[in-house]
Structure formats: structure tokens, C-alpha cells
Amino acid sequence: MRDYYFNTDFDLGSSGVYSFSLRDIQDICGPSADEMASIIFDDSMTQGSPGLRSAIASRWGDGNAEAVMATHGSNEAIYLVMNALLSPGDEVVALEPVYQQLWAIAEHIGCELKSWRLRQDRHFSPDLDDLKAVLTSRTRMVVVNFPHNPCGVTLTRSQQQELIRVVSTVNAYLVWDAAFSDLVYMGERLAAPNHFYEKAITFGTLSKAFGLPGLRVGWFIASPDVIHTCLHVRDYLTLHLSPMIEFIAQRAIENADRLLALRLPSVIDNLDRLRSWATRHEEWIEWIEPQGGVCAFPRLRAVDDVQAFCQELAEAHRVLLVPGTCFSIPSHVRIGFGSTADRFNEGLRRLTQLLDIYVRC
Ligand SMILES: Cc1ncc(COP(=O)(O)O)c(C=O)c1O
């Protein structure tokens, strides 16, 4: 992403919906120029401003702002939680494949990593028996992300309950990355597991469903002792968010449904287009329709080296696509369908052109 994100014109790689401007946010969510101008650039609270935490708690938690910590994107939340709770040698079970930070930080700390593998031959559908097979009484943390980046799979409510039960039998922390919880097309929306398990930690973000990746606002919901430990880690890192960012983020969350309503129709149209494209080119593409999020993870049958393919697509055709090698699944690619219809169509057209060349070779 570092190499190609800023050097391509058509984004079929990202995992969020296309971004809003400050003007959009002001028009939709109401912070007036006057309100913005009266923000004082004081330090903010390490845990996040009470207004922002209340907005997060009301929408995704149980209303208790004390159970929320606001962070610089959920990336900071992942970093804080793992550094606060894990020590070298701790056993951590993480989904595989999974968003890189969710395992790399635990690995960097020196934890012993085990995988709950989403199997290709089962279309990446999560199987709780596979999780049970790797859990032990030493497991300190189980790390999951549903709806899943990049595979687009999720759990049913009863599977979520079973997951909580299984993790609680070994008394491990359950890290639940809910980055895409507001983007579900098939199946059930899942509540934060904190409602059912006190050792659950739920991550959220404004970067994916709400088109605000550059605002850099994420959070986690956890028990007071976890938050307390994370506050100390943050003292050595970022201290707090800017009051201006907190103010905009609070308004965005208070108007989250309006932001979603402005992006969901184009996401659903793009998904329809992707479905027709995949059906039209069945001989080239094997795919499972995503249940949530804005990514699909198809296999390109004609492409042996997806890394080289994505490089050529980026350099010669200016289209960003993520090779499955980034997720250790080399035959697949991640296609994001969160961009505008025009850009998505043109990106797909260029991708088809290159695929056609590969198929003929
Ligand atoms: C599953 C998941 N979690 C967390 C993040 C981090 O998002 P941010 O730091 O922008 O909130 C991402 C970004 O791609 C992601 O895919």
C-alpha cells in the first residue's frame, strides 16, 4: 500500500468507502464554521473527550462512556491493547488470514502465535472446531475480525455466542475487530461481544464505513481495568487526540446513519457490478460473494504470480489491487468496491483488459 496507494488513479485496493470532505461533514453533520472556530486547542483527555466517548458508547456500546477509549484510528487501539495486555511468550490465537496489525504487533511483542485458519477449500467460512483445536489453557488472547478483511465472511449470532463461550472456557481476552460492523449485506449484524463477556475488547473506526480514514479516529470498548492499563501505554505514545478531531468525530458519529445512507447505495451498486463481472468471467475468476465489508477476495485462475500481476496493474494501468501474498494466500487478490461508481467501473475495465492478456498467454 505504501508503494502504490498514492501512485495509482483507480482504487480497487482499499477496504473503505470513498471519503467525505470537511465541507460534506459540515453540511451533513452540522458543525458550523462558528463552532469550528471556537474550538480551543487545549490538551484533551487521554481516554478521549467525554462527548466523543458518549457518542461511541451510545451507538456501539452499552451507553457507558467510561468503557470507551478513543484512539488515532483503530490501529492505535490495536497497538495499545496488545502492548498493555501481552508479554513475550504469551500464547495468542489470531485468525489467518487477517489484517496485518492484528497479528504483527503480538508477534513483535514476542508472543507465541497460533492460527485459527480460514480455509480456502471451505471458501474461508469460519469453523469454530478449528478454533477449539488450537485453544489451550495458556491462550491469553483470541483475535478476530468479522465481517472479515479481506475474505468478506462473517459469523451468525449463534456462532458469535459459541465463539464467546469457547474463549471464556480458557478465560482468554477476546479481541473483536468490528471495523466493518456497519457494512453487512448478508446475514446478521453482530453486537459488540462486550455485552456478553467482560474480557471482550471491541475495536471500531471511522475509516471504513463512514468515509473518514484521514480523520484518524478509532476506539475500543473494554472493561475499566483494560482501559486503565492502556492509558499508561498512551502516555508514552500519542497522549491524546486533537480537540478539533474529537469534535468532528463526535458529530460524525451522532450522524453516522446519514453518512452511511450516503455511501451504502453506491457500495451496493458496485457490489452488483462486481457480481455481474465475476459471473461474466467465471472461467477466470472464482469468488465468494462478501457478506460484509467492502472487499472481495477472489482467486484469479489465470494468474500464477499475483504479486507481479498487481505490480503490472498498478504501474502500467494505474489500478490499485492488493495481491493475496499480503495475506499469505498467493492465488487470490483483494478487490475493494468502496470507490465511486465511475472509478470502480474504470478500474474494473482496466483489470479485465490485463486479465484478458494473461488468459491469452
Ligand atoms: C480489520 C481492520 N482493522 C483495523 C484497521 C485499521 O483502521 P484505522 O486505523 O484506519 O482505524 C483496518 C484497516 O484497513 C482493518 O482492515
Side-chain angles (χ1 to χ4, degrees), residues 1-2 4-5 11-20 48 52 56 59-60 68-83 94-106 116 118 124 126 141-155 174-184 190 192-193 201-221 230 234 237-238 241 245-246 248-249 252-253 256 259 267 290-297 320-324 326-329 333-339:
M1 289 301 258
R2 199 190 311 284
Y4 293 109
Y5 189 69
D11 184 355
L12 298 189
S14 292
S15 56
V17 305
Y18 63 96
S19 303
F20 287 104
L52 173 57
I56 295 166
R59 187 174 172 93
W60 293 284
V68 175
M69 182 159 172
T71 53
H72 288 266
S74 49
N75 260 323
E76 189 189 15
I78 300 168
Y79 186 89
L80 290 175
V81 165
M82 293 201 173
N83 278 280
L95 271 185
E96 186 189 343
V98 82
Y99 177 64
Q100 186 171 356
Q101 266 79 346
L102 290 172
W103 60 265
I105 293 173
W116 174 15
L118 299 178
F124 301 111
M141 185 178 276
V142 175
V143 183
V144 300
N145 159 231
F146 294 114
H148 183 264
N149 169 16
C151 301
V153 293
T154 190
L155 299 179
L174 172 59
V175 164
W176 176 265
D177 186 329
F180 306 100
S181 65
D182 288 270
L183 291 166
V184 176
L190 302 170
I201 300 158
T202 298
F203 297 139
T205 178
L206 290 182
S207 300
K208 306 297 169 190
F210 304 102
L212 294 167
L215 199 60
R216 304 307 305 137
V217 172
W219 57 87
F220 65 91
I221 304 173
C230 288
R234 197 179 214 187
L237 197 64
T238 57
L241 286 165
I245 298 300
E246 290 186 315
I248 298 170
I253 292 169
L259 296 178
V267 166
Q291 296 170 286
V294 284
C295 295
F297 199 52
L320 178 69
L321 189 71
V322 180
C326 294
F327 299 96
S328 306
I329 315 255
V333 291
R334 185 178 82 181
I335 299 190
F337 51 92
S339 59

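Keep in mind the model is a prediction, meaning the values are calculated, not measured. One-based numbering, in listed order, for ligands and for the atoms of each. No hydrogens, no waters, no symmetry mates; every other heavy atom, side chains included, goes into these values. Counting from 1, the numbers follow the sequence of the chain as shown.
When atom types are taken as modelled, the side chain of Ser14 and the backbone of Gly16 share no donor-acceptor pair closer than 3.5 angstrom. For Arg334 (side chain) and Ala296 (main-chain N/O), no donor-acceptor pair under 3.5 Å exists by modelled atom type. Not a single donor-acceptor pair under 3.5 Å links the side chain of His148 to the backbone N or O of Gly293. With Asn145 contributing its side chain and Pro147 its backbone, the two residues share a donor-acceptor pair below 3.5 Å.
Each of Ile245, Leu241, Leu80 was scored for a side-chain contact (heavy atoms from CB on, under 4.5 Å) with His72, with one residue passing: Leu241.
Ranking the protein heavy atoms by distance from atom 3 (N) of ligand 1 puts Asp177 OD2, 2.6 Å first. Looking only at protein heavy atoms, the nearest one to atom 5 (C) of ligand 1 is Tyr99 CE2, 3.3 Å. Atom 16 (O) of ligand 1 has as its closest protein heavy atom Asn149 ND2, 2.7 Å. The protein non-hydrogen atom at the shortest distance from atom 6 (C) of ligand 1 is Ser74 OG, 3.4 Å. The single protein non-hydrogen atom nearest to atom 14 (O) of ligand 1 is Lys208 NZ, 2.6 Å, given as residue, atom name and distance.
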Inset, instruction - Show your reasoning for whether side-chain hydrogen bond (donor to acceptor under 3.5 Å, both in side chains) applies to Ser328 and Glu96. - result: CA-CA 9 Å; Ser328 306; Glu96 186 189 343; 5.0 Å; no
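Per-residue contacts place Gly73 under 4.0 angstrom from the following atoms of ligand 1 (heavy atoms of the residue considered): 9 (O), 11 (O). Of all atoms in ligand 1, listed by their number and element, those nearer than 4.0 Å to a heavy atom of Asn145 are 1 (C). The atoms of ligand 1 that sit less than 4.0 Å from any heavy atom of Ser207 are 8 (P), 10 (O), 11 (O).
Heavy atoms of Phe203 found under 4.0 angstrom from ligand 1: none, in either backbone or side chain.
Trp116 places none of its side-chain heavy atoms less than 4.5 Å from the side chain of Val98.
Within a 6.0 Å sphere centred on OH of Tyr79, other residues, nucleotides and ligands contribute 12 heavy atoms or fewer.
Residue contacts with ligand 1: Asn75 is placed with a nitrogen or oxygen under 3.5 Å of a nitrogen or oxygen of the ligand (distance criterion only).
Taking the six-membered ring where the residue is Trp, Trp176 and Phe146 present tilted rings, their angle falling between 30° and 60°.
Heavy atoms of Gln101 stay at 4.0 angstrom or farther from ligand 1. The shell of residues lying under 4.0 angstrom from ligand 1, judged by heavy atoms, includes Ser15. Note on ligand 1: Gly218 sits outside its first shell, no heavy atom being nearer than 4.0 Å.
Compare Arg216, Gln100, His148 by their heavy atoms: the one nearest to atom 9 (O) of ligand 1 is in Arg216.
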